[in-house]
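All figures in this text were calculated on a predicted structure; none of them were measured in a lab. Ligands are counted one by one from 1 in listed order, and the atoms in each one are counted from 1 as well.
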Amino acid sequence: MGLLVQKFGGTSVATPERIHAVAQKISDAQAAGHSLVVVVSAMGDTTDELIALAHQVSKNPPHREMDMLLTAGERISMALLSMALAEKGIHARSFTGSQSGIITTPSHRRARIKRILGDRLRAALAEGSVVIVAGFQGVSETKEVTTLGRGGSDTTAVALAATLGAESCEIYTDVDGIYSADPRVVPEAHFWKTIPYDLMIELAVRGAGVLHPRSVELAREHQVKLFVKNSLSTQNQEGTQVITSTPHGSVADASPAAGNSLASSQQSPPKGMEEFRVAGVTADASKVLVRVQLMRSTVMGAVWGVAASAQLSVVSPHFSQHTLEFFAAREAEEDWKKHLNQLILDGFVKSFEFEQEWVPVSIVGSRFSQDPTALCEIFETLAQSAISVTMGAASALAIHVAVPRNRADEAVQVLHQKFMAESV
Ligand code: ASP
Ligand code: MG
């Protein structure tokens with residue numbers, strides 16, 4: 001049996017008991033004959049607490065020092081997990097991102113992985129050790145410690161699986177896998193045993209929250225076999241597998257017994273073969289609507305140039321004439337303001353505003369551009385519930401609208417009710 005990469009999120013390592021439970025899982029996988037690279041997140045809410053602590057000390061903490069601070073969170077869990085394994089007589093060695101040779105771009109707080117050297121990891125695996133790697137961090141070419149952005153440990157795990165040629169990559173979290181909506185908001189949400197990469201990317205980008213979007217992009221590109229599983233429950237052990245679907249939309253490698261598979265062409269008997277299909281409904285409260293008035297429409301490139309060089313993500317950009325609208329991560333709001341103010345001074349931007357009141361709600365699925373029925377039904381459904389909508393746009397794989405923040409859950413509920421009842 002080959003190499004397995006397992007990643008354990010913050011809740012999975014939140015307490016000493018849970019760390020022991022993770023050590024047991026690792027021990028079982030090792031007993032089954034696997035060699036293991038294990039990626040960990042910081043314990044529980046450690047990252048949030050460290051951020052709050054930084055803001056008690058400084059109004060505007062320097063990004064470099066934030067990275068120094070936040071990487072400590074993962075360093076704590078990797079060492080404790082390694083100790084818990086030692087307790088079981090299992091030889092394990094923990095490594096920081098830098099020690100693992102995870103080379104990133106220099107942008108603090110949102111660095112991208114350029115390549116992974118991994119020599120020390122390979123050497124430790126060769127000597128039979130379980131390798132533990134601190135998630136969400138790396139080192140720049142100038143030897144500065146960097147972080148990959150919130151939720152980035154998933155991306156560490158998939159990048160390691162791709163580099164080390166792992167058999168598969170298992171992301172352990174506190175839910176059973178991927179649902180058609182957040183089950184805390186929509187209790188009847190549908191569980192997917194398999195889901196195609198492209199739809200998973202859309203769900204992740206639009207706030208599904210279970211997987212870091214960049215991890216799914218990497219998994220698709222490098223054909224990493226990717227699973228999402230629950231580390232806390234003993235009930236659903238299978239989880240969700242992210243799969244490749246063939247051009248005909250059928251399952252490439254899911255098991256025939258695999259219950260609900262979104263890619264299966266036999267699914268959804270009431271639907272015509274070419275009608276749109278829905279994978280899920282999301283609301284993304286971590287995003288904020290940004291509206292920018294340009295001096296001239298020809299200077300739009302200046303805004304995207306700033307976003308690209310600062311590695312700020314831009315979701316669902318929409319522009320007409322002199323106005324640009326898009327969703328930005330709320331945590332990047334201060335950075336955006338700094339850059340947009342500079343663009344005002346440079347004469348490119350007239351004004352900008354952050355619309356805190358609106359969040360994106362998205363329906364992710366397929367064939368939306370072939371069949372505009374969904375577009376029409378979204379607006380009708382929201383109107384029936386008197387939920388106002390300020391903007392909307394569609395692509396082949398998703399339709400999104402912006403709804404008031406305090407009505408977002410309700411919007412997800414009514415849209416899920418409308419679309420999922422028909423889709424599965
Ligand atoms: N600990 C980091 C965060 O909370 C990274 C991660 O959990 O993936 O964002
Ligand atoms: Mg996460």
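In this model, no donor atom of one side chain and acceptor atom of the other lie less than 3.5 Å apart for Ser82 and Ser94. No side-chain donor from either of Gln137 and Ser98 sits under 3.5 Å from a side-chain acceptor of the other. Using modelled atom types and a 3.5 Å distance limit, the side chains of His416 and Ser180 yield a donor-acceptor pair. Side-chain polar atoms of Ser140 and Thr146 form no donor-acceptor pair below 3.5 angstrom.
Against a heavy-atom cut-off of under 4.0 Å, Ser41 is close to the following atoms of ligand 1: 6 (C), 7 (O), 8 (O). Which parts of ligand 1 touch Gly151 is read off a 4.0 Å heavy-atom cut-off, strictly below it: atoms 3 (C), 5 (C), 6 (C), 8 (O), 9 (O).
Atom 6 (C) of ligand 1 has its closest protein heavy atom at Ser153 OG, 3.3 Å. Considering only non-hydrogen protein atoms, atom 1 (N) of ligand 1 sits nearest to Glu74 OE2, 2.6 Å.
Identified under the salt bridge (charged side-chain N to carboxylate O under 4.0 Å, His left out) test for residues 82-95, with sequence neighbours left out: Arg93-Glu127.
The closest approach between any non-hydrogen atom of Gly10 and ligand 1 is not below 4.0 Å. Distances from ligand 1 to the non-hydrogen atoms of Gly9 include no value under 4.0 Å.
Checked against a 3.5 angstrom limit, the closest N/O atoms of Gly149 and ligand 1 fall outside it. Between Thr47 and ligand 1, a contact under 3.5 Å exists for at least one N or O pair. Any N or O atom pair closer than 3.5 Å counts here, and Arg150 shares at least one such pair with ligand 1.
With salt bridges taken as basic N to acidic carboxylate O contacts below 4.0 Å, one links Glu325 and Arg291.
Contacts between His212 and ligand 1 below 4.0 angstrom, taking non-hydrogen atoms only, are absent altogether.
In this structure, Glu188 has no salt bridge (Lys or Arg N to Asp or Glu O under 4.0 Å) partners at least two apart in sequence or on a different chain.
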